[in-house]
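What follows is a single structure, written as structure tokens, with notes after it.
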Amino acid sequence: MPYNMILLVEDNPDDEALTLRALKKNNILNDVVVARDGVEALDYLFGKGMYADRDMSVMPHLILLDLKLPKMDGLEVLRHLRADDRTKILPVVILTSSKEEQDLINGYSLGANSYVRKPVDFSQFSESVRQLGLYWFVLNESPPRV
């Protein structure tokens, strides 16, 4: 059975808490690793820095990636992911409050699998997370881990 961990890349503590609460509320009980900036996300994915000792055979089933991040923005993180054979096919959902059309275009151009705007209202946000979980963990056929 594939490992179904989620990597949440989110610098805003309130949005992190809302996302974790929405996952739990919708019975999406997958393990969640939180990276709070772009550099930490890449360190986790490539086993560097404080993650140098992590089991690299365990990769996330899904990455929820915010765009506006400290140290390295989400688009740059995505660029690095898609340039490396180890991570180029990992599913990445951009989960952001950005309404910039250029962010949407750049996200898809760099290989995002989906782009979801965070609703301000918690019930709408919770419903978005429920639908993400249903799609990515039940309906979607993920590529095999190699």
Side-chain angles (χ1 to χ4, degrees), residues 1-12 15-119 124-146:
M1 177 145 127
Y3 191 72
N4 292 322
M5 181 262 295
I6 298 169
L7 175 61
L8 172 62
V9 187
E10 176 60 68
D11 66 312
N12 182 310
D15 286 351
E16 174 188 332
L18 283 174
T19 303
L20 295 173
R21 183 174 158 210
L23 289 166
K24 185 175 180 180
K25 179 182 184 288
N26 289 291
N27 294 314
I28 302 167
L29 304 176
N30 307 67
D31 289 336
V32 179
V33 172
V34 179
R36 292 179 179 88
D37 63 58
V39 172
E40 183 181 352
L42 292 179
D43 281 354
Y44 178 81
L45 290 163
F46 297 119
K48 296 179 180 177
M50 68 181 181
Y51 298 104
D53 293 331
R54 86 167 189 87
D55 180 356
M56 291 299 295
S57 70
V58 177
M59 293 299 268
H61 182 85
L62 178 65
I63 299 170
L64 299 176
L65 179 64
D66 190 18
L67 290 182
K68 309 300 181 203
L69 297 167
K71 297 185 182 178
M72 178 185 295
D73 72 30
L75 293 174
E76 190 62 28
V77 170
L78 186 57
R79 186 175 284 112
H80 283 275
L81 293 177
R82 295 308 186 232
D84 192 288
D85 286 341
R86 297 169 290 177
T87 56
K88 70 181 178 185
I89 64 171
L90 287 177
V92 176
V93 173
I94 294 174
L95 185 60
T96 185
S97 55
S98 174
K99 293 183 179 180
E100 297 294 322
E101 185 175 307
Q102 196 59 51
D103 285 341
L104 177 75
I105 292 166
N106 290 340
Y108 279 117
S109 295
L110 291 170
N113 299 93
S114 187
Y115 189 103
V116 176
R117 286 195 180 99
K118 297 176 195 172
Q124 291 174 342
F125 182 75
S126 182
E127 177 60 18
S128 295
V129 169
R130 184 189 72 75
Q131 290 178 22
L132 281 172
L134 176 66
Y135 178 76
W136 288 103
F137 293 105
V138 178
L139 299 174
N140 184 63
E141 187 74 26
S142 294
R145 301 288 184 219
V146 287

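By convention here, the first residue in the shown sequence is residue 1. Every heavy atom of this structure was used, including side-chain atoms; hydrogens, water molecules and symmetry mates were not.
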Leu95 and Val116: side-chain contact (heavy atoms from CB on, under 4.5 Å), yes or no, with the steps?
CA-CA 5 Å; Leu95 185 60; Val116 176; 3.8 Å; yes
Does Ile28 form a side-chain contact (heavy atoms from CB on, under 4.5 Å) with Val129? I'd like the steps, not just the answer.
CA-CA 9 Å; Ile28 302 167; Val129 169; 4.2 Å; yes
Residue pair Thr87, Val92: steps toward the side-chain contact (heavy atoms from CB on, under 4.5 Å) verdict
CA-CA 10 Å; Thr87 56; Val92 176; over 6 Å; no
Using side-chain contact (heavy atoms from CB on, under 4.5 Å), reason through Leu67 and Glu100 one step at a time and then give a plain yes or no.
CA-CA 11 Å; Leu67 290 182; Glu100 297 294 322; over 6 Å; no
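Between Glu40 and Lys71 there is no salt bridge, since no side-chain nitrogen of the basic residue lies less than 4.0 Å from a carboxylate oxygen of the acidic one. A salt bridge does not link Asp11 with Lys68: every distance from a Lys NZ or Arg NE/NH1/NH2 to an Asp or Glu carboxylate oxygen is 4.0 Å or more.
In this structure, Tyr44 and Tyr51 have perpendicular ring planes: the angle between them is above 60°, well past the 30° mark.
Distance OG/Ser114 to CG/Leu65: 12.0 Å, rounded to 0.5 Å. Atom-to-atom distance recorded for Leu69:CG and Leu75:CG is 9.5 Å, nearest 0.5 angstrom. Here the CE-CE distance, from Met59 to Met5, works out to 8.0 Å after rounding to the nearest 0.5 Å. The line from CG of Leu18 to CG of Leu23 is 11.0 Å long, rounded to the nearest 0.5 Å. Here Ser97 contributes atom OG and Phe125 contributes atom CZ; the two are 10.0 Å apart, rounded to the nearest 0.5 Å. With rounding to the nearest 0.5 Å, the separation of CD in Glu16 from OG1 in Thr19 is 8.0 Å.
Contact of the Ile63 side chain with the Leu45 side chain is registered, since non-hydrogen atoms from C-beta on lie closer than 4.5 Å. Residues Asn26 and Ser126 are in side-chain contact: their nearest non-hydrogen atoms beyond the backbone lie under 4.5 Å apart. Looking at Leu64 and Leu8, their side chains come closer than 4.5 Å, going by heavy atoms from C-beta outward. Leu139 has its side chain within reach of Leu134: a pair of non-hydrogen atoms, C-beta onward, lies under 4.5 Å apart. The side-chain heavy atoms of Asp73 and Glu76, taken from C-beta on, include a pair separated by under 4.5 Å. The closest side-chain heavy-atom distance from Leu132 to Val93 is below 4.5 Å. At a threshold of 4.5 Å between non-hydrogen side-chain atoms, the residues Leu62 and Phe137 count as touching. Taking 4.5 Å as the limit, every side-chain heavy atom of Leu20 sits out of range of all side-chain heavy atoms of Lys24.
Heavy-atom neighbours of Arg86 CZ from other residues, nucleotides or ligands within 6.0 Å: above the threshold of 12. Counted within 6.0 Å of CD on Glu101, heavy atoms from surrounding residues, nucleotides or ligands total 12 or fewer; the atom is thus considered open.
When the options Arg79, Arg82, His80 are evaluated for a side chain to side chain contact (heavy atoms under 4.5 Å, CB included) with Leu110, the one that passes is Arg79.
Judged by distance alone, with hydrogens and angles left aside, the side-chain atoms of Asp43 form no donor-acceptor pair with the main-chain N or O of Gly49 at under 3.5 Å. With hydrogens and angles disregarded, a donor-acceptor distance shorter than 3.5 Å links the side chain of Glu10 to the backbone of Asn12. With Arg117 contributing its side chain and Thr96 its backbone, the two residues share no donor-acceptor pair below 3.5 Å. Using a distance-only test at 3.5 Å, with no hydrogens or angles considered, a donor-acceptor pair links the side chain of His61 to the main chain of Trp136. A donor-acceptor contact shorter than 3.5 Å is absent between the side chain of Tyr108 and the backbone of Asn113.
Nearest approach of Gly107 to Ile94, heavy atoms of both residues: CA-CD1, 3.6 Å. Looking at every heavy atom in both residues, Leu78 comes nearest to Ala112 through CD2-N, 3.7 Å. The two residues Pro119 and Ser128 come nearest to each other via the heavy atoms CG-OG, 3.6 Å.
Applying the salt bridge (Lys or Arg N to Asp or Glu O under 4.0 Å) definition to pairs two or more places apart or across chains, none involves residues 47-59.
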